[in-house]
Amino acid sequence: MVGTVSHMATSSAVSHALRPFGTTIFSRMTELARQHGAINLGQGFPDFDGPESICVAAAEAMRAGHNQYAPMGGVPQLQEAIARDAAEGLGRTIDPAGEVTVTSGCTEAIAATMAGLLNPGDEVIAFEPFYDSYPATVAMCGATLKTVTLRPPTFAFDAARLEVAVTDRTRAVLLNTPHNPTGRVATANELEAIADVCRRHDLIAITDEVYDRLVLEGEQQHLCLAACDGMVDRTITLRSLGKTFSLTGWKIGWAIAPAHLTAAIRSAHQFLTYAVPTPLQHAAAHALSLGEPYYRTLRDEYRQRRDVLLQGLSQTPLRVFEPEGTYFVMCDHASLGHGDDLAFCRWLVETVGVAAIPPSSFYADPRSGADLVRFAFCKSLPVLEAASKRLAGLRAP
Ligand code: GLN
């Protein structure tokens, strides 16, 4: 018995599939920020809450007795609110009961999509840098994530390079727009070219659109791959409440997909979480009813936050890639001579007192992200101003 215990203590209990992924960089940087009392511009969570009325709606839903399991696909009022909210962008009417599945944040929607669709040996193609749950959830299915690198300074989505990555094992393409961490927003031409690849190779498209309401450039807008010709029957659109309503801790997300793809997502969702907290779903339905006036204010406020951080970064030797959307900004730190992104971020948190995200874990080959650093600007203006002051001390060697 003693022998068994010591064996368990010395060898990793983590499965072969997940061992390569270690602990997510978001937890690691938030912990480092806490240890060093640094301003946390790393993990992307706002330091302010969403509208008070949404929290009141959640409390009221609890008091009104909405406290037992929700239906597996979601509370009908929320499914209806999601269908209404998405109809214009998707260019079609959505069947709330049959095409909307409410999940524990978009992260569960991603996992349920992968688990519901993929067989061992399948391949999924994504642009990199990517959200770090993509390769991990694909690996959990015994499938493989292949990547196409977005290259600075434009980080353009190149469908021709995407097509080169297609093999006879490719099952799906995973597109994130507005794109974390580059801040790129896919254009109509880019989406049309990606749709063309999906149609010709008969691929499923999975779109991670959690920053859909955070397109910050006036002349641009968020466009949906699902709305391109011939895509409706092959596209899964994933979104969430967290970023749009500054409620990342509520973990409410959803998948919108035609019935046959919804069946695949639900085949996994029913065994992953079954359902998402009922009172929060009622409150989420209220949140989505706030509509365009709320979204307009959100964008205006985020533009201000972005501009404060960009102003601060412009006083440093960092090369800044201005974002069109999301609440992140990518920079190139190579001229500062602090080594790779991990070394630079460690130095930044310890010496300058600002935490950022080293993006190398968002690449299949970590060297592709070694010169880059990501800052989040989902923070109140005084915090962004204080961070800018600290960053003003950055000097090239
Ligand atoms: N998507 C968020 C980010 O990019 C973090 C999500 C998480 O912490 N898992 O910062």
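We count ligands from 1, going down the list as the structure has it; atoms in each ligand are counted the same way.
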Put together the list of close N/O pairs, under 3.5 Å, between ligand 1 and the protein, could you?
| unit_1 | atom_1 | unit_2 | atom_2 | d |
| --- | --- | --- | --- | --- |
| ligand 1 | 4 (O) | Asn180 | ND2 | 2.8 |
| ligand 1 | 4 (O) | Arg374 | NH1 | 2.8 |
| ligand 1 | 8 (O) | Gln43 | NE2 | 2.7 |
| ligand 1 | 9 (N) | Tyr131 | OH | 3.2 |
| ligand 1 | 10 (O) | Gly44 | N | 2.7 |
| ligand 1 | 10 (O) | Arg374 | NH2 | 2.7 |

*Take Ser361 and Asp132 through the side-chain hydrogen bond (donor to acceptor under 3.5 Å, both in side chains) test and state the conclusion after the steps.*
CA-CA 7 Å; Ser361 33; Asp132 65 352; 5.4 Å; no
*Do Thr167 and Glu123 have side chains that get closer than 4.5 Å, going by heavy atoms?*
yes
*Phe127/Phe155 under ring pair (Phe, Tyr, Trp, His ring centres under 6.0 Å): CA gap, chis, key distance, verdict*: CA-CA 10 Å; Phe127 290 98; Phe155 298 108; over 10 Å; no
*Taking Thr262 for the side chain and Ala257 for the main chain, is one N or O donor matched with an acceptor at less than 3.5 Å?*
yes
Side-chain atoms of residues 370-379: list all donor-acceptor pairs with protein atoms under 3.5 Å, sequence neighbours left out, distances to 0.1 Å.
| unit_1 | atom_1 | unit_2 | atom_2 | d |
| --- | --- | --- | --- | --- |
| Arg374 | NH1 | Asn180 | OD1 | 2.8 |
| Arg374 | NH2 | Gly42 | O | 3.0 |
| Lys379 | NZ | Phe45 | O | 2.5 |

_Glu99 (side chain) donor-acceptor with Pro96 (main chain) under 3.5 angstrom_ = no
